[in-house]
Amino acid sequence: MAEIKRILVKRIDEQRQSVGIVVGTFGQEGRHIVAHGNFGAYYARPVDADTGFEIGSITKVFTTLLLAEMAGRGEVGLDDPVAMHLPATVHMAQRNGREVTLTDLATHTSGLPRLPENMAPSDDDNPYADYSVEQMYAFLAAYELPRDIGSQYEYSNLGMGLLGHVLARRAGMSYGALIRERILAPLDMRSTADTPAVYMKSRLANGHDAQLMPVLNWDLPTLAGAGALLSTADDMLNFVEMLVDAPASPLHAALATTLAIRRPTGTEGDETGLGWVISGSGDDQIIWHNGGTGGYRSYLGFMPAKGVGVVALSNTSTEAGVDDIGRHLLDSKNPLAEPPRERVAITVDPAIYDRYVGTYRLAPQFEIAITREGDGLFAQATGQGRLEIFAENETQFFLKAVNAQLTFDVGSDGAATGLTLHQNGIDQKAPRAKA
């Protein structure tokens with residue numbers, strides 16, 4: 001436990017990459033929780049095992065576990081068309097005679113985009129809060145699938161949010177109530193909920209941005225299945241224990257189902273289960289998911305062959321995050337990330353910006369639009385607000401509002417031919433769309 005404490009002290013006190021982090025481990029030596037830091041930049045209350053955090057997209061593995069549990073009861077079929085569980089008035093796109101199924105949603109292979117294009121938040125600091133069911137239905141009705149269903153992996157918050165929605169409709173209750181009844185209660189997870197509005201406010205750590213400043217909590221009323229849950233390290237260790245010691249769990253069969261179905265992600269060495277990312281094979285295989293909201297980062301992973309699992313929760317959305325801490329504690333061969341360097345904006349000739357203005361396609365339905373306004377350059381991803389980007393040199397830019405950087409690829413004439421998005425330790429290339 002001393003090593004974990006040392007890592008957290010360095011990450012928070014020296015590198016200034018979080019305000020508070022709680023790490024939980026489970027294995028042959030039992031369960032342990034190590035915490036360091038505070039509830040908030042202006043709230044000097046120490047975080048601990050019972051401190052609440054937004055867990056973001058780790059919610060997705062709860063949603064897919066719920067799918068498997070309901071399939072085990074015969075309430076839904078894994079290969080049910082999504083349209084079967086929507087109102088008859090709602091159109092769901094088909095392609096080449098094939099319909100999108102629940103499994104397609106759960107494996108991110110439905111062909112639906114990361115976010116719906118009609119998502120226009122009134123508050124960029126709480127981007128999902130005012131997206132309605134009616135808007136989601138309207139988007140589905142107008143959307144044309146860009147490729148064959150099941151042919152390609154494309155991570156989709158919309159798809160997983162839709163999955164949570166249809167499961168809740170089938171059960172006749174809210175997503176939060178259904179998760180509590182079918183998943184949380186059997187695992188004795190009493191400190192997990194689906195919205196800050198019903199969470200134990202006195203136990204919820206403040207969220208912070210990359211500059212360690214407090215930010216709003218997120219609300220996901222319609223797309224709850226994609227990222228609405230809040231939890232504690234103690235509660236999440238109950239979940240980890242179920243993952244590692246599955247045969248003793250009431251959700252053993254459902255967990256096995258989520259791991260039995262595999263589809264390629266397009267990343268070497270990785271597959272997707274129902275919700276899970278499955279990296280590597282044999283004794284070194286890690287099954288995991290991470291999460292990030294406006295003010296929090298989270299990581300959950302386990303190694304079936306070694307019988308160990310870890311959860312790491314941070315109340316700060318920084319570039320370093322906690323993924324590397326989780327991977328390192330699972331397997332010491334995985335190095336800890338180097339602290340991000342301090343980025344300093346410089347002044348460049350604004351005329352250069354004109355060479356970069358355009359649309360860059362990260363995925364078939366996910367683009368970044370680069371625009372110029374006066375002496376400023378701005379980036380806007382599909383379904384998200386417009387943010388200013390700042391030059392480190394003539395081709396490398398960074399965002400201050402989120403932990404992301406852009407590198408423009410330029411041709412011999414100086415015009416951009418594409419860009420690379422650097423975010424969450426991943427480099428994603430996006431060619432420039434033709435005008």
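By convention here, the first residue in the shown sequence is residue 1. Keep in mind that the numbers below use all heavy atoms, side chains included, and drop hydrogens, waters and symmetry copies.
- Taking the six-membered ring wherever Trp is involved, the centroid distance between the rings of Phe408 and Phe397 falls below 6.0 Å.
- In terms of heavy atoms, Ile325 sits closest to Leu336 at CA-CD2, 3.9 Å.
- Among pairs with a residue in residues 276-297, those fulfilling ring-ring contact (aromatic ring centres under 6.0 Å, His included) read Trp276-Phe302, at least two apart in sequence or across chains.
- With a 4.5 Å cut-off on side-chain heavy atoms, Leu255 and Leu65 count as touching.
- Panel note: side chain Asn290, backbone Asp323; no donor-acceptor pair is recorded below 3.5 Å.
- The stretch residues 45-85 participates, sequence neighbours left out, in these ring-ring contact (aromatic ring centres under 6.0 Å, His included) pairs: Phe62-Phe239.
- Around atom CD of Gln152, more than 12 heavy atoms belonging to other residues, nucleotides or ligands sit under 6.0 Å away.
- Taking 4.0 Å as the cut-off between side-chain N and carboxylate O, Glu271 and Arg263 do not count as a salt-bridged pair.
- A salt bridge links Glu392 and Arg343; the closest N-O separation between the charged side-chain nitrogens and carboxylate oxygens is under 4.0 Å.
- A salt bridge does not link Arg432 with Asp409: none of the charged nitrogens is closer than 4.0 Å to a carboxylate oxygen.
- For the ring-ring contact (aromatic ring centres under 6.0 Å, His included) condition, the pairs that include at least one residue of residues 101-137, sequence neighbours left out, are His108-Tyr153, His108-Tyr155, Tyr128-Trp218, Tyr137-His165.
- Surrounding CZ of Arg262 are more than 12 heavy atoms belonging to other residues, nucleotides or ligands, all under 6.0 Å away.
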